[in-house]
Each structure stands twice: as structure tokens, then as C-alpha cells.
K.L.:
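Handing you a structure now.
These figures come from a predicted structure and were not determined experimentally. Throughout, a chain's letter reflects where its sequence line sits, starting with A, and its residues are numbered from 1.
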Amino acid sequence: MRALPGRGRLARSWPRRYLGAREVAMRERVREILAREQAGGEVEVRGWLRTARHAKGRSFLEVSDGSCFAGLQAVVEPEIANFEAVRGLRNGCAVVVAGELVASPGGEQRFELQATRVEIVGEVGDDYALQKKRHSFEFLREIAHLRPRTNTIGAVLRVRNAASRAIHDFFQERGFLYLHSPVITASDAEGAGELFRVTTLDPGDPPRDASGAVDHGEDFFGRQAFLTVSGQLEAEIAALALTDVYTFGPTFRAENSHTSRHLAEFWMVEPEMAFCELDGDVEVAEAFLKAVIGAVLEACPDDMAFFEKRIAPGVIETLEHVVETPFERLTYSEAVEILQRSGRDFEFPVEWGVDLQSEHERYLAEEHIGRPVVVTDYPAAIKAFYMYLNDDERTVRAMDVLVPKVGEIIGGSQREHRLDVLTRRIQAAGLDLAEYWWYLDLRRHGSVPHAGFGLGFERLVQFVTGVANIREAIPFPRVPGYADF
RNA sequence: UCCCCGGUAGCUCAGUUGGCAGAGCAAGCGGCUGUUAACCGCUGGGUCGUAGGUUCGAGUCCUACCCGGGGAGCCA
């Protein structure tokens, strides 16, 4: 971090409720205080009480500012001017505490703050919902405005942040350009799921054409519009000019999916690389997952230790394994053979031509291989029209990365860049060639082999943190029937 | 959308064969203590998801609906 002049010094008039830009940039967080080499010196922390323990002779306040998993314990003695008011503090109160950083005689923390001043900035009411006990995740979702103050969600949000940063770092270091693909789209680009309609028409009295149908020509965009289900097609446009690009933004699916792995609004990462075929795609995907997971392990050790202890025992070993060992590679045909020879009694029998079920993916990644598996070359009939058709005419250059517990975390492919084949595939899929005129036009002018993949960001966060439900991997989950906060 | 499980105090849950609605935590009050989700005592706190039905009597049995969870499908 930058060394700014005067950093860590107390503001002249105290307490200062409002910090200037310079002071905000300079303020020392609990994370940095706890990382100090040794005790000593004046510090000031601003945050919310995780707990307040009032003993007869003194009070113990654990102040968290969200910068790290642990809080800083402040010890308040009766000599403090507003000691009686401090006695009334409890879990959730907002405070500013200043004092000397000293070695802690208590066994559970290295340092503590011997308070010289305590300002009570915000108290809590008797009905404050967060208690110093375990709450169910279901209940916490109903109080999403307080949820980030909990151990689990606070840790998830820090991991989410670290993973976001690692994603940008990975691509930026390799010369990828960050492309902002549109959120509003006019066509159901790849048929990937149900779309949310975007309209400004009066739902109770829309304009109608001569036949009585809703006249979308009168709508805001002069035609039907939707929220994007993927930035891939736009990423292909950019890749065929800028070589390597990636998108990282919100994506929307209006499917009525009620599972622990689906959200109606989620974030997706989609790199797209020109002059790249399936092998390169797989290599980038593997390096990408390893880099991001490795970066989180390094950036958030305390948060990860919490997940290991309380949420998903074994998660750290699983992640380290992912970072250290090469991914297994199988073709779809090989995977089918392995599954058929497994002797397993699957609910859905395996045969060449049908898509792999969750139980099959989990068997491959968790039991048969025991580490991430990349399955390639799926039957053309079960994959999207834009995937490159192999010479056998029955498989496409698709790849799925399967990880233990979560299943498919990355799906990608080499794209069909041959005009004649793509035209044929669009028609075979029953799609309207006219809708894809620009996508086809790209194949007429300077078309090159290119490939990319998509990663569901919340599924990555879910995999890394071990939270059972994807709704805990995003600060404000949107699912069928629920969009509060 | 389909299958299974659940909904009882602010929270987490128990509630027997249909027979007076309970505990822990939280809250309020008091006590104790360099404390660690502190501890001890007392007090207050209920439309048993909603609407019907069976019954002398329903938290408990039946029906429908709502909400939550798990699984499947769809997918990232």
C-alpha cells in the first residue's frame, strides 16, 4: 500500500465523524493493525461491535470494520469519561475507539486496544435481529441489509472481492482487453434459457397492431428487447478485432429454477480468444481457475480458515489440490465409456448421445478422477449451434470443466468460424438466419479460428467458500419469487 | 415445472396415542467476573404459515393454498 504522509495519526479535533478524502485513503483498518509486527503507538478504529462483554471493572468491545475476519478487542476502563454509556453498548453498535495498541494478556488475540476515548456513533434497538449466535442462512436472507455483518457473509464478500480482483489480474497480465458487453439485447442470441423482457409499454394497455397483437414497434427500442443471457456473441465481435478480450458482468436468466445452484441474476466471466482452438481454450481455462483460486487462498487466509472450520471441512485441501495438480482431460466418448464401465447404478443410464447428468459429472470429478476434469468433444446434437463441428460431423469442439461438489463450473468451446458450416448449423437448429446476419457476416470478413468459455462467478465463489447454497455467494440474491433489497 | 421434507416465542428447535403450549439463546431487571458466542438468577414474551374440514376436544388427523429447504430438469 502507498505510504501517505501522516498516515495513522489521529485527527486533530476528535471525534471526527466525517473524514476527508485524504483521511479516508490514509485510515488504518483493523486488518492492517492486526498485521503489525509489534504493539505500541496510538491507533483509532471505526466500526461495529461484534460483541461487548461488560465485566465489573472494565468492558471488552470487539470492533469490526469488515477489513478482515477478526475484530480488534478494545478494553475500556472506568476512567474513560463516558464509561457508563459504554456499559450499555452491545452487539451491532457503531463506535469510534482510540487508544494505545498493546500486547493482549488474553490468549485469543495478539493485540488489543487500550481505549483512551470511545465515541458512540450509532446505537442499536432492542429489536436488532443479529444475535451473538448461529442464525440459519434462510433467516439471514430475510435481513439482507444486516447480513454482511455476519461472519459468513462478511467472509464471502471479502472472498468475492479477492476473486474479482484476481480475475482482472489474470486477464490483464496476459494482455486481454476488458470488454463491456451490453446488458440489454434485442435477440435471444444463443437460446440459452428464458429471457427477461425489457419494455416501457403500459402492461395494462399496450399498443396493438391491426391483428390485435402487441405492437413492439411502439416500444422503447422499436422492437422487443431483453436482458442479456450471455456476452459471448459480442465478445466474439471484439475478439475478431482486438484478439483477446473478456467480459465480466451481470447476466440474467428467467428460468423457474429452484435449486442451490441457480440465480436469476448472476455475474459471468467470458473470455474470447482469436487465433485459438480448443486446446488453447482448455489450457487458458485451467490456468485461469488455478490463478484465481490460488490468489484467494493467499489473499484471504483467515476467511478461508473460517470456511474450513465452520462451513465446509476439507475445502482448503480441495482447493490446494486444484491449484497444484494438472486437470484430467477426457473426451465425451471416453467419459461415457468410463461411466458405463463404472458398475454404478445411475438413476439416468449413460449412453452415447445423451448429455451427462449431474450425478455423472459428480462421479467423474469426485470419485473416478478426484480432481477437476475437462470433458471435450460432445455430441453436436446436445450443444449449441455456434460450436466448431469436428470432422466426424457428429461431435463439436466443446469443453466443460467439472469440479467436485459443484459440477460444471466452466463451459466453453471453439467457435464455428466457417461460413458454410455455421449457416448449415443455424438452419439445422431451426433458427432464423436473418437474426444472425452480423454473426454470419463476421465469418465473411477476416474470419479466424477462435474460442472462449464462460464461468459462473457465483458458482466459483460457492466452490471456493463451500457455502451450500449459491444465494450465500452473492450479496443480494435474485431468485424466482424474491427480489427484495 | 416435477418429486420429497419442513413452517410452533425475536432466533434455533422440542412437543408422546388427538387431552392445560415448552427449552436454549435473545430482550428487560439484578448479580458476578481480564472477558473470548462470557457466566448465574428472576421477569416478560405465542393468531402453532393461511383458509376450510373431521372430532366432545386439533400444534398433532384430512383437503387446498402460501412460504422455505433438499433433489431433478434447465443451465452458469
K.L.:
Roughly how many Å apart are B:rU17 and B:rC61, using the P atom of each and rounding to a whole number?
P.N.:
11 Å

K.L.:
Among B:rA37, B:rA76, B:rG34, which nucleotide has an atom closest to any side-chain atom of A:Val75?
P.N.:
B:rG34

K.L.:
Report which part of the nucleic acid A:Thr251 touches: base, sugar-phosphate, or nothing (heavy-atom distance under 4.0 Å, all strands).
P.N.:
nothing

K.L.:
Hey, which sits more toward the 5' end of RNA chain B by its nearest nucleotide, A:Arg50 or A:Tyr128?
P.N.:
A:Tyr128

K.L.:
With rounding to the closest Å, how many angstrom separate the P atoms on B:rA58 and B:rC2?
P.N.:
33 Å

K.L.:
Given B:rA37, B:rA38, B:rG69, identify the nucleotide with an atom nearest to the side chain of A:Arg141.
P.N.:
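Nearest to the side-chain atoms of A:Arg141, counting from C-beta on, is B:rG69.
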
K.L.:
If the plane angle is over 60° it's perpendicular, under 30° parallel, otherwise tilted; pick one for A:Phe171 and A:Phe176.
P.N.:
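Tilted, since the angle between the ring planes falls between 30° and 60°.
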
K.L.:
Looking at A:Ser257, I'd like to know whether one of its side-chain N or O atoms comes within less than 4.0 Å of OP1 or OP2 on B:rC74.
P.N.:
no

K.L.:
Identify whether any heavy atom of A:Glu62 sits under 4.0 Å from a base atom; if not, whether one sits that close to sugar-phosphate; answer base, sugar-phosphate or nothing.
P.N.:
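Since no nucleic acid heavy atom lies under 4.0 Å of A:Glu62, the category is nothing.
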
K.L.:
Base, sugar-phosphate or nothing for A:His135? Non-hydrogen atoms, less than 4.0 Å.
P.N.:
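Since only primed, P, OP1 and OP2 atoms lie under 4.0 Å of A:His135, the category is sugar-phosphate.
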
K.L.:
Reading RNA chain B from 5' onward, which residue's closest nucleotide shows up sooner: A:Gln131 or A:Thr51?
P.N.:
A:Gln131

K.L.:
State which of B:rC75, B:rA37, B:rG69 makes the closest approach to the side chain of A:Arg471.
P.N.:
B:rG69

K.L.:
I'd like to know if A:Asp400 and A:Lys383 make a salt bridge, using a cut-off of under 4.0 Å between side-chain N and carboxylate O.
P.N.:
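Result for this pair is yes, salt bridge flagged.
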
K.L.:
Separation of A:Leu140 atom CG from B:rG10 atom C1', in whole Å?
P.N.:
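Interatomic distance, CG of A:Leu140 to C1' of B:rG10: 14 Å.
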
K.L.:
If you only use heavy atoms from C-beta on, which nucleotide in B:rU35, B:rA76, B:rG68 is closest to the side chain of A:Phe266?
P.N.:
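Nearest to the side-chain atoms of A:Phe266, counting from C-beta on, is B:rA76.
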
K.L.:
Tell me which nucleotide among B:rG34, B:rA27, B:rG68 gets nearest to the side chain of A:Arg58.
P.N.:
B:rG34

K.L.:
Ion pair present between A:Glu28 and A:Arg36, side-chain N to carboxylate O less than 4.0 angstrom?
P.N.:
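Yes, A:Glu28 and A:Arg36 are salt-bridged.
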
K.L.:
Between B:rG34 atom P and A:Lys56 atom NZ, what is the distance in whole Å?
P.N.:
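Going from NZ in A:Lys56 over to P in B:rG34 covers 10 Å.
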
K.L.:
How many whole angstroms separate atom CG of A:Asn91 from atom P of B:rU35?
P.N.:
21 Å

K.L.:
Under 3.5 Å for both donor-acceptor distances, Watson-Crick or wobble: does B:rA72 have a partner, and if so which one?
P.N.:
B:rU1

K.L.:
When the C1' atoms of B:rC4 and B:rC42 are considered, how many whole Å apart are they?
P.N.:
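Each nucleotide's C1' atom is 45 Å from the other's.
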
K.L.:
Between B:rU63 and B:rG6, how many Å separate the two P atoms, rounded to a whole number?
P.N.:
14 Å

K.L.:
Counting only side-chain N and O atoms of A:Arg53, is one of them less than 4.0 Å from OP1 or OP2 of B:rU35?
P.N.:
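Result: no.
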
K.L.:
Scan every strand shown for a Watson-Crick or G-U wobble partner of B:rC61, both distances under 3.5 Å, and answer none if you come up empty.
P.N.:
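Pairing partner: B:rG53.
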
K.L.:
Quote, to the nearest angstrom, the C1' distance that separates B:rG44 from B:rC3.
P.N.:
44 Å

K.L.:
How long is the line joining CD1 of A:Ile470 and P of B:rC74, in whole Å?
P.N.:
17 Å

K.L.:
Closer than 4.0 angstrom, basic N to acidic O: yes or no for A:Asp279 and A:Arg397?
P.N.:
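No.
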
K.L.:
Could you let me know what B:rA23 is paired to, Watson-Crick or G-U wobble, both distances under 3.5 Å, or none if it's on its own?
P.N.:
B:rU12

K.L.:
Decide if the gap between the ring center of A:Phe288 and the ring center of A:Phe453 is smaller than 6.0 angstrom.
P.N.:
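That pair passes the under 6.0 Å test.
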
K.L.:
Would you indicate what A:Leu130 reaches in the nucleic acid, counting non-hydrogen atoms under 4.0 angstrom: base, sugar-phosphate, or nothing?
P.N.:
nothing

K.L.:
With heavy atoms under 4.0 Å as the rule, sort A:Arg310 into base, sugar-phosphate or nothing.
P.N.:
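It contacts nothing in the nucleic acid.
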
K.L.:
Determine the interatomic distance between C1' on B:rG69 and the same-named atom on B:rC32; round to the nearest Å.
P.N.:
42 Å

K.L.:
Do A:Glu62 and A:Thr51 have a side chain donor and acceptor closer than 3.5 Å?
P.N.:
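Absent: no donor and acceptor within the cut-off.
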
K.L.:
Rounded off to whole Å, could you give me the CG-to-P distance for the A:Asn151 and B:rU36 pair?
P.N.:
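Distance check: A:Asn151 CG to B:rU36 P gives 17 Å.
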
K.L.:
When you measure from the side-chain N and O atoms of A:Arg459 to the phosphate of B:rC75, is any distance below 4.0 Å, counting only OP1 and OP2?
P.N.:
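No, no such contact exists.
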
K.L.:
To the nearest Å, give me how far apart CZ (A:Phe60) and C1' (B:rC32) are.
P.N.:
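The answer, rounded to whole Å, is 14 Å.
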
K.L.:
Taking atom C1' in both B:rG28 and B:rC20, what distance in whole Å separates the two?
P.N.:
28 Å

K.L.:
Base, sugar-phosphate or nothing for A:Ser59? Non-hydrogen atoms, less than 4.0 Å.
P.N.:
nothing

K.L.:
Report yes if a side-chain nitrogen or oxygen of A:Lys132 is closer than 4.0 Å to either non-bridging phosphate oxygen (OP1 or OP2) of B:rA38; otherwise report no.
P.N.:
yes

K.L.:
In whole angstrom, what separates A:Arg87's CZ from B:rG28's C1'?
P.N.:
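After rounding, the gap between these two atoms is 17 Å.
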
K.L.:
A:Glu142 has an atom CD; how far is it from atom C1' of B:rG69, in whole Å?
P.N.:
12 Å

K.L.:
Which part of the nucleic acid, if any, lies within contact of A:Glu361, taking any heavy atom under 4.0 Å across all strands shown: a base, the sugar-phosphate backbone alone, or nothing?
P.N.:
nothing

K.L.:
Counting side-chain heavy atoms from CB outward, which of B:rU36, B:rG34, B:rU33 is closest to A:Glu108?
P.N.:
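The nucleotide sitting nearest to the side chain is B:rU36.
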
K.L.:
Ignoring hydrogens and angles, state whether a donor on the side chain of A:Thr318 or A:His321 is under 3.5 Å from an acceptor on the partner side chain.
P.N.:
no

K.L.:
Is any side-chain N or O of A:Lys133 under 3.5 Å from a base N or O of B:rC11, one able to act as donor and the other as acceptor?
P.N.:
yes

K.L.:
With no angle test and no hydrogens, is the base of B:rU35 tied to the side chain of A:Gln73 by a donor-acceptor pair under 3.5 Å?
P.N.:
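Answer is yes: a donor-acceptor pair is held.
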
K.L.:
Please pick, from B:rG34, B:rG28, B:rU33, the nucleotide with the shortest atom-to-atom distance to any side-chain atom of A:Asp126.
P.N.:
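The closest nucleotide is B:rG28.
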
K.L.:
Examine the side chains of A:Thr116 and A:Glu100 and answer whether a donor and an acceptor come within less than 3.5 Å of each other.
P.N.:
no

K.L.:
Under 4.0 Å, heavy atoms only, any strand: does A:Phe348 hit a base, just the sugar-phosphate, or nothing?
P.N.:
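Sugar-phosphate only.
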
K.L.:
Of the listed nucleotides (B:rC11, B:rU35, B:rA72), which one gets closest to any side-chain atom of A:Phe139?
P.N.:
B:rC11

K.L.:
Rounding to the closest angstrom, what is the interatomic distance between B:rG7 and B:rG49 at atom C1'?
P.N.:
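Those two atoms are separated by 6 Å.
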
K.L.:
Tell me the partner of B:rA37, counting only Watson-Crick (N1-N3 plus N6-O4 or O6-N4) or G-U wobble (N1-O2 and O6-N3) with both under 3.5 Å; none if nothing fits.
P.N.:
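Base-paired to nothing in any strand shown.
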
K.L.:
Could you please name the partner base of B:rG44, counting Watson-Crick and G-U wobble pairs only when both distances are under 3.5 Å?
P.N.:
none

K.L.:
Assert yes or no for the condition that the ring centre distance of A:His168 to A:Phe170 is strictly below 6.0 Å.
P.N.:
no

